[in-house]
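Below: the structure, in structure tokens.
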Amino acid sequence: MLKRNWFISLLAVAGVWSIGEVSPVMGQALLPYTLNLDAAQLEQDGLNLAQDAAQLVRFGQFELAFPRAKLATQLAPDAYETWFILGSLHVQREEVDEGIAVLEKAYSLAPSEPGISFSLGSAYFQKGKYENAIAQLETGLALKPDSPEALFDLGNSYLVLRRFPDSVSAYQQALEVESEFWPAINNIGLVKYEQGDIDGAIAEWETAVEIDKEAAEPLLATAVALYKSGREQQGLNMGKSALQIDNRYGDIDFLAENLWGDNLLRDTQAFLAIPQIQSYLLSQENAEPKP
């Protein structure tokens, strides 16, 4: 599973300000009309706009938040919050290069703010710069070691580099902070499967499903592992259940994006080619409402 934590970091920065009644300046994203705006007033207006953008982020209004955040950096260029929000929104818009550049600016203004490092780490991961991601995530974790999302992102970075012991260690630390953070349990299962420990992987995935019975990923992974280990009918039934929850997991490319390793991808490809599964996927596609 790949769970990007830019969104969590963005919500975190939204909490930088106390959320109260929205002033006319914030609500309308307009500057007050005056002929004598001094630097302090301009900076305050920028922070107001940034707060407005943060509130919009809380409600998922990213496109409305973006122009406010951009203007906020012009009005308050020395406030890290404005660059933090703008950079995170760039990443959300899949403008990752721009996001990294802006987040680096935020980092230069507030190197002791862990959320910036976490967002940078996530952005570097998306660019495939895994060593950079690890460096930034570890910098943030040195300041805030109890972030399960950042620890999870760190584990994912190690996983892609096949540094399995480091990956499992990061996932386990995430679970020490939040014991039911099932994506970390799921990914420990991914590691175990790549190491040939199929029974160990099944145990991890079954634990993840116990926590979230609607989690399609560990359910399908368990199905593949059961089928591979000879429990074919159980695997087929479980696989159909997983694909009914989320048929995106019937796409090998989607699984690869979610960090499934070579061994599991190979076995899953064989599993998805089974006539019963192919027939089920086709029935699911035909049952989907047409636009």
A side-chain contact here means heavy atoms from C-beta on lying under 4.5 Å apart; do [X] and [Y] qualify?
{"X": "Leu190", "Y": "Trp205", "answer": "yes"}
{"X": "Leu220", "Y": "Ile245", "answer": "no"}
{"X": "Asp153", "Y": "Phe118", "answer": "no"}
{"X": "His90", "Y": "Phe66", "answer": "yes"}
{"X": "Tyr249", "Y": "Leu255", "answer": "yes"}
{"X": "Glu194", "Y": "Leu264", "answer": "yes"}
{"X": "Asp166", "Y": "Leu161", "answer": "no"}
{"X": "Glu63", "Y": "Arg93", "answer": "yes"}

Same cluster or not: [X] versus [Y], using hydrophobic residues (I, L, V, M, F, W, Y) connected whenever any side-chain heavy atoms lie under 4.5 Å apart?
{"X": "Leu265", "Y": "Ile188", "result": "yes"}
{"X": "Phe84", "Y": "Leu64", "result": "no"}
{"X": "Val160", "Y": "Tyr171", "result": "yes"}
{"X": "Leu137", "Y": "Phe164", "result": "yes"}

May I ask you to decide if [Y]'s main-chain N or O and [X]'s side chain share a donor-acceptor pair within less than 3.5 Å?
{"X": "Ser169", "Y": "Pro165", "value": "no"}
{"X": "Ser88", "Y": "Ile85", "value": "no"}
{"X": "Thr139", "Y": "Ala135", "value": "yes"}
{"X": "Gln126", "Y": "Val96", "value": "no"}

In Å and rounded to the nearest 0.5 Å, what is the [atom1] to [atom2] distance from [X] to [Y]?
{"X": "Ser119", "Y": "Ile100", "atom1": "OG", "atom2": "CD1", "value": "11.5 Å"}
{"X": "Tyr280", "Y": "Leu272", "atom1": "OH", "atom2": "CG", "value": "13.0 Å"}
{"X": "Asn258", "Y": "Asn187", "atom1": "CG", "atom2": "CG", "value": "8.5 Å"}
{"X": "Ser167", "Y": "Asn156", "atom1": "OG", "atom2": "CG", "value": "7.0 Å"}
{"X": "Leu47", "Y": "Gln44", "atom1": "CG", "atom2": "CD", "value": "5.5 Å"}
{"X": "Gln173", "Y": "Glu176", "atom1": "CD", "atom2": "CD", "value": "6.5 Å"}

query: So Tyr130 and Tyr124, ring pair (Phe, Tyr, Trp, His ring centres under 6.0 Å) or not? Walk me through it.
result: CA-CA 7 Å; Tyr130 304 117; Tyr124 276 125; over 10 Å; no

- prompt: Would Leu243 and Ile277 satisfy side-chain contact (heavy atoms from CB on, under 4.5 Å), going step by step from the backbone distance to the final call?
  reply: CA-CA 9 Å; Leu243 294 169; Ile277 298 296; 4.0 Å; yes

How far apart are the closest heavy atoms of [X] and [Y], and which atoms are they?
{"X": "Tyr158", "Y": "Glu138", "answer": "OH-OE2, 2.7 Å"}
{"X": "Ala50", "Y": "Thr82", "answer": "CB-CG2, 3.8 Å"}
{"X": "Pro77", "Y": "Leu109", "answer": "O-CD1, 3.7 Å"}
{"X": "Phe152", "Y": "Ala174", "answer": "N-CB, 4.4 Å"}
{"X": "Lys228", "Y": "Ile198", "answer": "CG-CD1, 4.1 Å"}
{"X": "Lys240", "Y": "Gln276", "answer": "CE-O, 4.2 Å"}

- request: Evaluate the side-chain contact (heavy atoms from CB on, under 4.5 Å) criterion for residues Val209 and Trp182: first the C-alpha distance (whole Å), next the side-chain angles of each, then the deciding distance (0.1 Å), finally the verdict.
  value: CA-CA 8 Å; Val209 173; Trp182 70 261; over 6 Å; no

- prompt: So Glu204 and Tyr193, side-chain contact (heavy atoms from CB on, under 4.5 Å) or not? Walk me through it.
  reply: CA-CA 10 Å; Glu204 299 292 343; Tyr193 200 93; over 6 Å; no

- prompt: Taking it one step at a time, do Val91 and Ser122 satisfy side-chain contact (heavy atoms from CB on, under 4.5 Å)?
  reply: CA-CA 9 Å; Val91 176; Ser122 182; 5.7 Å; no

- prompt: Among side-chain atoms of Gln284 and Asn247, is any donor-acceptor pair under 3.5 angstrom?
  reply: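 Side chains of Gln284 and Asn247: no pair found under 3.5 Å.
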
- prompt: Is the number of heavy atoms from other residues, nucleotides or ligands within 6.0 Å of CD (Gln278) greater than 12?
  reply: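 Atom CD in Gln278 is crowded, with more than 12 foreign heavy atoms closer than 6.0 Å.
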
Option from Val102, Leu56, Val57 for which side chain to side chain contact (heavy atoms under 4.5 Å, CB included) with Leu89 holds: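 Single side chain to side chain contact (heavy atoms under 4.5 Å, CB included) partner of Leu89 among Val102, Leu56, Val57: Val57.
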
task: Test side chain to side chain donor-acceptor pair (under 3.5 Å) on Asn132 and Gln136 and set out the steps.
output: CA-CA 6 Å; Asn132 296 71; Gln136 282 294 340; over 6 Å; no

